[in-house]
There are 2 protein chains.
Amino acid sequence: MQTLSKNQQIIFDLINKSPEPLKAYTILYNVQKKGIKAPLQVYRALDKLVEIGKIHKIESRNAFIACHNSSCQVAKATAFSICEICEKVTEISNDSLSKYLANFKDKDGMKYIKYNLEFFGLCKKCKVK
Amino acid sequence: MQTLSKNQQIIFDLINKSPEPLKAYTILYNVQKKGIKAPLQVYRALDKLVEIGKIHKIESRNAFIACHNSSCQVAKATAFSICEICEKVTEISNDSLSKYLANFKDKDGMKYIKYNLEFFGLCKKCKVK
DNA sequence: TTAAGATTGTTATAATATAACACTATGTAA
DNA sequence: TTACATAGTGTTATATTATAACAATCTTAA
């Protein structure tokens, strides 16, 4: 568990307390009062936070959420469910799924240490409506 | 198998014959001689081609490849392997995997019709080097 | 034939992300 | 403690990816 730099901490705190994924420029607007003024400052912190597994990027949405999977030990094997109506995103932590994917071999017998899986559908609330 | 419009056909042909994923603006530069001059013309064709499953978007790369999975019947359940060195992308078509994911239920018992999975690693060639 | 829907062409602009350079802080080894 | 490497910061400029808005044209099914 490494210590975060000033900018990294500010940006992680913001993402961590957000109930929804945040986009880079939304983050920028929200940390300008804390002295982070330029996109690059945000992107650099985001890059690092992703690298150390504190946050994940939702690729299909260009947005970032804090890791809630086993205290951020799983930086390279990520799975999410995404509601196509309300855009709610939930990190999936499921042993069967992660084992299946970690052990998956393609037809060349090749294994992959890293993957990202995004499921799309309707969340409970949106399904009812 | 629906017929493609003029722009859709031009752009599909380009992507289909490319050995690697193509980015939108790379596509644009390559079809300008055929009269497609503006980004929006490219993006509109791409949107449609993705929608009907003729191509897929590689979300982590913002790039597009032609579907090679059972003649494009699987538009909503996609899996790829991506080499982190040479950026080679291969569509995975594996019955076990697609069945597993299609039947996956999260802890709320929820199923998802649509997913996108991207595996990362080194391709055969790059592994040897 | 005609009206709805899809597609096209065009200009402008929004949203997302990185290059390059100079400077500062921090940790580590001599 | 110095000095070196590494990581982080601040800044300006710019590259890359994607969409808004509007008018015109093509396609197709009743």
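Here is how names work: the chains are called A, B, and so on, in the same order as the sequence lines, proteins then strands, and each is numbered from 1. Since this is a predicted model, take the numbers as computed values, not measurements.
- Counting any heavy atom pair closer than 4.0 Å across all strands shown, A/Gln8 reaches sugar-phosphate atoms only and no base atom.
- Between A/Lys114 and B/Glu84, at least one side-chain N (NZ, or NE/NH1/NH2) sits under 4.0 Å from a carboxylate O, which counts as a salt bridge.
- Residues B/Cys83 and B/Cys86 come closest through the heavy atom pair SG-N, 3.4 Å.
- In this structure, CG of B/Leu28 is placed 13 Å from P of D/dA18, rounded to the nearest angstrom.
- One interatomic measurement links the two molecules: CD1 of A/Ile58 to C1' of C/dT16, which rounds to 16 Å at whole-angstrom precision.
- Look at NZ on A/Lys48: it is 7 Å from C1' on D/dA7, rounded to the nearest Å.
- Ring geometry for A/Tyr100 versus B/Tyr100: interplanar angle under 30°, hence parallel rather than tilted (30 to 60°).
- As rounded to whole Å, 16 Å separates atom C1' of C/dA15 from atom CG of A/Leu22.
- A sub-4.0 Å separation between OP1 or OP2 of C/dT8 and a side-chain N or O of B/Gln41 is absent.
- With a 4.5 Å cut-off on side-chain heavy atoms, B/Leu97 and A/Leu101 count as touching.
- Taking atom NZ on A/Lys34 and atom P on D/dT9, their separation rounds to 15 Å, with Å as the unit.
- In the set D/dG8, C/dA17, D/dG10, C/dA17 carries the atom at the smallest distance from any side-chain atom of A/Ala24.
- Of all nucleotides listed (C/dT11, D/dT17, D/dG8), D/dG8 comes nearest to the side chain of A/Ser5.
- With respect to B/Glu20 and B/Lys88, no salt bridge is recorded, no charged nitrogen being found less than 4.0 Å from a carboxylate O.
- Computed from coordinates, the A/Leu46 CG to D/dA7 P distance equals 19 Å when rounded to whole Å.
- Across the protein-nucleic acid pair, A/Leu40 atom CG and C/dA15 atom P stand 20 Å apart, rounded to whole Å.
- Here the side chain of B/Pro39 is nearest to one of D/dT9, D/dA18, D/dA21, namely D/dA18.
- Contact between the side-chain N/O atoms of A/Lys57 and the OP1/OP2 oxygens of C/dT16 is not found at any separation under 4.0 Å.
- Residue order along DNA chain C, read from the 5' end via each residue's closest nucleotide, puts B/Tyr25 first among B/Tyr25 and B/Asn62.
- Rounded to an integer number of Å, the gap from OH of A/Tyr43 to P of C/dA20 is 18 Å.
- Closest to the side chain of A/Lys23, out of C/dT8, D/dT12, C/dT16, is C/dT16.
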